[in-house]
**Q** 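My structure is below; once you've seen it, I'll send some questions.
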Amino acid sequence: MDLPPDLHDWTLDPATAVALQTSLAPRVIREDRFDRVRHIAGVDIGFEDKGATTRAAVVVMHWPSLTVVEQVLERSATRMPYMPGLLSFRELPAALAAFERLETRPDLLMVDGMGIAHPRRLGIAAHLGLWLDMPAIGVGKSRLCGHHGEVPAALGGWTPLTHGSETIGAVLRTRERVKPLYISVGHRIALESALDWVLRCLTRYKLPEPTRQADRLASRRGAIATRSCLP
DNA sequence: GCGACAG
DNA sequence: ATCTTGTCGC
């Protein structure tokens, strides 16, 4: 992507960040453009020390066995405060550093947070997918914007998430009697396909395996920067 | 002006 | 997100 290569030093002011999102959003591809999936990566970012340290976890899983192939945990100093709508600027630096250490090239990304279900259509999943130029799906646990009706109680049931007259995502029931997930296009994939992949990666938990594993790694207390490959 | 507000 | 113990329930 043709943007400043010094993203790691970005400490943008809100107005600049918003302008950047507005210019990048149109580049997000919302349709399928990949045919073969061998590896799916889950991405999750957490914090420690009251947010002073950011920890990005990337777990690559083999498809369809859903076994862990590689995982990276990146810890770095946090550079931006949390501001609704500007989350990617706070979490991307650590995530990109994690990807630089990743040996496997995933075919699909499942990122915690929103894809285009964002005020300016550029949530962290879309931003990351765009930057890495990889198919990505936004898997959020709560709503950032938009509205929706009741979500079907049956596993797999879903209802559209709309913002004005536009469908920006779907609220999916990934487990009965449990709060639904907010799924949205991240990059290079259609909403319907995104929903299919999330459902295909479901086991017995609310979160699809890639995201669940990344979540587990990112929040594992006491963990230090690590990189490991499993056979 | 009054809420809402990913992680 | 994170700070935190036990506890109710399948």
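Here the structure is a predicted model, which means the values were calculated and not measured.
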**Q** With side chains defined as the heavy atoms from C-beta onward, is the minimum distance between A/V72 and A/F99 less than 4.5 Å?
**A**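 Not touching, per the 4.5 Å side-chain cut-off.
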**Q** Send over the distance from A/H163 NE2 to B/dA6 P, rounded to a whole Å.
**A**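 So the two atoms are 14 Å apart, to the nearest Å.
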**Q** How does DNA chain C look in dot-bracket notation if pairs are Watson-Crick or G-U with both distances under 3.5 Å, crossing ones as [ ], other-strand ones as |?
**A** ..........
**Q** Could you tell me whether A/G85 contacts a base, only the sugar-phosphate backbone, or nothing, with contacts defined as non-hydrogen atoms closer than 4.0 Å?
**A**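 It contacts base atoms.
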**Q** Is A/L87 touching bases, backbone alone, or none of the nucleic acid, heavy atoms closer than 4.0 Å?
**A**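 Contact class for A/L87: base.
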**Q** Rounded to the nearest Å, what distance is computed from the CD1 atom of residue A/I183 to the P atom of nucleotide B/dA6?
**A**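 Computing the A/I183:CD1 to B/dA6:P distance gives 16 Å.
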**Q** Kindly point out which of B/dA6, C/dA1, B/dA4 is positioned nearest to the side chain of A/F47?
**A**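 Within the option list, the nearest is C/dA1.
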**Q** From the list B/dC5, C/dA1, B/dA6, which nucleotide is the closest neighbour of the side chain of A/I124?
**A**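 Selected nucleotide: B/dA6.
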**Q** Over how many whole Å does the gap from A/Y182 atom OH to B/dG7 atom P extend?
**A**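 Value for this atom pair: 10 Å.
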**Q** To the side chain of A/R177, which of B/dG7, B/dA4, C/dC10 is closest?
**A**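 Selected nucleotide (nearest to the side chain): C/dC10.
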**Q** Closest approach to the side chain of A/R143, judged atom by atom: which nucleotide of B/dA6, B/dG7, B/dA4 is it?
**A**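 When the side chain of A/R143 is considered, B/dA4 is the closest of B/dA6, B/dG7, B/dA4.
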**Q** Within the structure shown, what part of the strands sits under 4.0 Å from A/L181 by heavy-atom distance: base, sugar-phosphate, or nothing?
**A**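 Since no nucleic acid heavy atom lies under 4.0 Å of A/L181, the category is nothing.
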**Q** Below the 4.0 Å mark, does B/dA6 have OP1 or OP2 next to a side-chain nitrogen or oxygen of A/K141?
**A**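 No, outside the criterion.
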**Q** So, are A/E74 and A/R101 salt-bridged, with charged N and O less than 4.0 Å apart?
**A**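 Looking at A/E74 and A/R101, the cut-off is met.
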**Q** Should the pair A/W197 and A/F34 be assigned to parallel (<30°), tilted (30 to 60°) or perpendicular (>60°) ring geometry?
**A**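 The rings of A/W197 and A/F34 sit tilted, inter-plane angle from 30° to 60°.
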**Q** Is there a side-chain contact between A/P208 and A/V139 in this structure, where contact means two heavy atoms from C-beta onward sitting under 4.5 Å apart?
**A**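 Contact flag for A/P208/A/V139 side chains = yes.
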**Q** Look at atom CZ of A/R216 and say whether more than 12 heavy atoms of other residues, nucleotides or ligands are closer to it than 6.0 Å.
**A**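 It does not: A/R216 CZ has 12 such atoms or fewer within range.
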**Q** How long is the line joining CG of A/D49 and C1' of C/dT2, in whole Å?
**A**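 About 11 Å, once rounded to whole Å.
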**Q** Nearest whole Å is fine: how far is B/dA4 P from A/R120 CZ?
**A**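 In whole Å, B/dA4 P and A/R120 CZ are 19 Å from each other.
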**Q** Is A/R90 positioned over the aromatic face of A/F47, cation under 6.0 angstrom from the ring centre and no more than 45 degrees off axis?
**A**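 Pair A/R90/A/F47 counts as cation-pi.
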**Q** Would you kindly give the CG-to-P distance between A/L122 and B/dG7, to the nearest whole Å?
**A**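 Taking atom P of B/dG7 as the reference, CG of A/L122 is at 16 Å.
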**Q** Specify the separation, in whole Å, of atom CG of A/L144 and atom P of B/dC5.
**A**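 About 9 Å, once rounded to whole Å.
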**Q** Tell me, please, whether A/Y205 has A/R212 positioned over its six-membered ring: NZ or CZ under 6.0 Å from the ring centre and within 45 degrees of its axis?
**A**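 Yes, cation above the ring, under 6.0 Å and within 45°.
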**Q** Whole Å only: how far is the CZ atom of A/R55 from the C1' atom of B/dG7?
**A**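 After rounding, the reported distance stands at 14 Å.
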**Q** Under 4.0 Å, counting only non-hydrogen atoms across every strand here, what does A/G140 touch: a base, just sugar-phosphate, or nothing?
**A**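 Here A/G140 touches the backbone only, sparing every base.
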**Q** Please determine which of A/D133, A/D32, A/D35 meets the salt bridge (charged side-chain N to carboxylate O under 4.0 Å, His left out) test together with A/R188.
**A**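 When salt bridge (charged side-chain N to carboxylate O under 4.0 Å, His left out) is applied between A/R188 and each of A/D133, A/D32, A/D35, only A/D133 qualifies.
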**Q** So if I take every side-chain heavy atom of A/S142 and compare against B/dC5, C/dA1, B/dA6, which nucleotide ends up nearest?
**A**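 Out of B/dC5, C/dA1, B/dA6, the nucleotide with an atom closest to A/S142's side chain is B/dA6.
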